[in-house]
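Remarks on the structure that follows.
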Amino acid sequence: MARRALIVGGSIGGLAAAALLDRSGWDVEVFERVEVELSGRGAGIVTHPPLLEALKAAGADTGDLGVVSEYRVGFDAAGAEIARFAFPQLVTSWDCLQARLRARVPDDRYHLGHVLQSFASDGGRVQARFANGHEAEGDLLLGADGFRSTVRQALFPQVRPDYAGYVVWRGLVSEADLPAAARDQVFDHFGFHLPEGDGEVIGYPIAGPENDLRPGHRRYNFVWYRTASAEQLRDMLTDEAGVTHDLSIPPPLIRRDVLAGLKADARAKLPANLIAMLDHAHSLFFTPIYDLASPAMTALSVALAGDAAFLARPHIGAGVTKACEDAVALAECLAGDRPVAEGLRAYEAARLAANRKAWARSRYMGEYLMPQFGDAAGKAEWAAQHNLHTIMRDTAVLNFA
Ligand SMILES: Cc1cc2nc3c(=O)[nH]c(=O)nc-3n(C[C@H](O)[C@H](O)[C@H](O)COP(=O)(O)OP(=O)(O)OC[C@H]3O[C@@H](n4cnc5c(N)ncnc54)[C@H](O)[C@@H]3O)c2cc1C
């Protein structure tokens with residue numbers, strides 16, 4: 001009889017693991033907290049070759065995945081192009097990846113509205129309990145339940161998300177809504193701009209709604225990293241009703257004055273072509289940036305994958321890629337009749353160091369947002385490492401392996 005994997009979290013990491021373990025001969029059940037099919041609000045996802053390989057291994061459709069941005073382009077304070085080099089990169093969207101992987105998991109194996117509450121494992125069978133009263137038993141429990149992971153908290157309660165000191169604002173702009181000048185200067189490329197003393201703006205084209213790739217129907221993914229003290233973050237996480245949310249705030253609850261402040265700052269600090277992007281962006285929201293690294297990725301008959309194990313800052317653009325690499329490694333290590341304990345040891349050996357490296361690199365990439373130099377030499381070194389050129393060269397590039 002096939003061994004059974006209980007997968008907690010039905011987002012990209014959980015779906016990839018389900019599809020790949022299924023192909024390795026496992027019986028899979030996915031339990032997702034949210035009650036309706038997931039949506040990523042169209043967020044853009046930069047791809048890397050290992051992600052495409054993982055999708056293929058999972059049997060997912062990889063045709064027409066997104067938009068290829070051919071060049072990386074840097075803008076100065078006036079919005080003039082001051083740097084450009086060819087760097088073709090496929091940018092897809094969270095929704096597209098989710099849909100492609102979701103299609104690989106049968107509906108009767110994907111259970112919405114199941115919030116994992118607790119589990120027990122003695123190193124053999126594992127039992128899981130859900131808030132709706134459902135109980136399940138299997139040979140493996142996979143925590144693919146994101147950076148707030150219930151599974152990780154049970155295994156490693158000392159590991160908590162650590163606020164990095166800045167947030168990332170994101171918004172989508174319909175290509176058709178853009179003034180011609182902004183469209184011509186900015187839309188087609190992976191763009192970069194460093195506003196004086198106020199973080200970093202990047203952006204790139206992605207598909208339109210329903211994965212529409214036709215010119216004129218696509219969208220631009222606008223991104224602005226901005227520092228915010230712990231006190232400022234607490235204020236930003238407080239909604240109109242005065243409720244302060246823990247770790248992040250649902251986008252519809254972001255206060256109007258916080259959004260108005262962002263737009264006012266944009267008008268004061270960004271060049272006209274980027275103000276146009278922000279002015280036409282819909283559903284603007286922010287995500288606080290946290291660091292999180294687990295000391296291990298397995299314990300007993302339990303494994304962690306994706307953000308549940310390591311939350312890398314978005315500068316390397318690889319969270320989805322590494323979640324899918326985890327899934328590939330897990331399915332390979334647990335294929336055939338290999339004992340689960342042995343397979344999990346192999347999984348940890350394959351992925352722990354790689355995840356640590358990605359996590360450390362993402363922190364290094366984010367450091368420049370908060371320069372902390374002790375003296376002139378430190379300041380010079382920092383400036384040499386963190387400038388428009390290095391940021392254009394290193395952002396969303398896996399050049400650190
Ligand atoms: C600004 C920004 C830009 C990014 N850009 C990129 C990029 O360009 N490329 C890239 O590869 N990555 C990018 N990422 C990272 C990427 O989005 C994440 O790393 C990735 O989505 C993590 O997937 P996951 O499946 O591990 O976790 P998640 O997507 O967080 O999924 C966890 C799932 O578990 C569910 N869940 C949680 N708790 C429970 C529970 N108790 N019971 C049941 N279900 C539960 C949740 O509802 C959720 O569906 C970016 C991230 C940010 C913030």
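A quick note: this is a predicted structure, and the numbers were derived from the prediction, not measured. Reckoned from all heavy atoms, side chains included, excluding hydrogens, waters and symmetry mates. Whatever order the structure lists them in is the order used to number ligands and atoms, beginning at 1.
Using a 4.5 Å heavy-atom threshold, the side chains of Trp26 and Asp139 count as touching. Pro50 is not listed as a side-chain neighbour of Cys324, based on a closest heavy-atom distance of 4.5 Å or more.
Ligand 1 has a nitrogen or oxygen under 3.5 angstrom from a nitrogen or oxygen of Gly13. By the 3.5 Å distance cut-off applied to N or O atoms, Glu32 is counted among the residues near ligand 1. Considering backbone and side-chain atoms alike, Tyr204 places every N or O at 3.5 Å or more from each N or O of ligand 1.
Looking at Val46 against ligand 1, both its backbone and its side chain come within 4.0 Å, counting heavy atoms. Here Ala144 has backbone heavy atoms under 4.0 Å from ligand 1, and that is the only part of it that gets that close. Of the heavy atoms in Asp307, both backbone and side-chain atoms come closer than 4.0 Å to ligand 1. Counting heavy atoms under 4.0 Å from ligand 1, residue Arg148 does not touch it at all. By the criterion of a heavy-atom distance under 4.0 Å, both the backbone and the side chain of Ile45 are placed next to ligand 1. Heavy atoms of Leu38 found under 4.0 angstrom from ligand 1 belong exclusively to the side chain. Counting heavy atoms under 4.0 Å from ligand 1, residue Ala318 touches it through the backbone alone.
The nearest non-hydrogen atom to atom 5 (N) of ligand 1, considering only Gly319, Gly146, Ala305, Gly44, comes from Gly44.
Of all the atoms in ligand 1, the ones that sit under 4.0 Å from a non-hydrogen atom of His114 are 42 (N), 43 (C). Less than 4.0 angstrom separates some heavy atom of Val115 from each of these atoms of ligand 1: 41 (N), 42 (N). Of all the atoms in ligand 1, the ones that sit under 4.0 Å from a non-hydrogen atom of Gly317 are 7 (C), 8 (O), 9 (N), 10 (C), 11 (O). Ligand 1 places these atoms under 4.0 Å from at least one heavy atom of Thr321: 11 (O). Distances below 4.0 Å separate heavy atoms of Phe31 from the following atoms of ligand 1: 43 (C), 44 (N). The distance from ligand 1 to the heavy atoms of Trp94 drops below 4.0 Å at these ligand atoms: 21 (O). Interface of Val34 with ligand 1, defined as ligand atoms under 4.0 Å from a residue heavy atom, comprises 47 (O). Every atom of ligand 1 with a heavy atom of Gly306 under 4.0 Å away is listed here by number and element: 26 (O).
Ring centroid separation for the pair His315 and Tyr225 comes in under the 6.0 Å cut-off. Between His386 and Tyr364, the distance separating the two ring centers is shorter than 6.0 angstrom. Close placement of the Phe130 and Phe31 rings is indicated, their centers lying within 6.0 Å of each other.
Figure legend: cation-pi geometry between Arg72 and Phe192 absent, as NZ or CZ is not positioned both under 6.0 Å from the six-membered ring centre and within 45° of its axis. For the pair Arg361 and Phe400, the cation-pi test (distance below 6.0 Å, angle within 45°) is failed.
The ring-ring contact (aromatic ring centres under 6.0 Å, His included) with Tyr204 is formed by just one residue from the set Phe87, Phe190, Phe222; it is Phe190.
The closest approach between Ala308 and ligand 1 stays at or above 4.0 Å for every heavy atom of the residue.
Looking at Asp188 and Arg218, a side-chain N of the basic residue comes within less than 4.0 Å of a carboxylate O on the acidic one, giving a salt bridge.
Within a 6.0 Å radius of CZ in Arg109, more than 12 heavy atoms belonging to other residues, nucleotides or ligands are found.
To the nearest 0.5 Å, atom CZ of residue Arg100 and atom OG1 of residue Thr62 are 7.5 Å apart.
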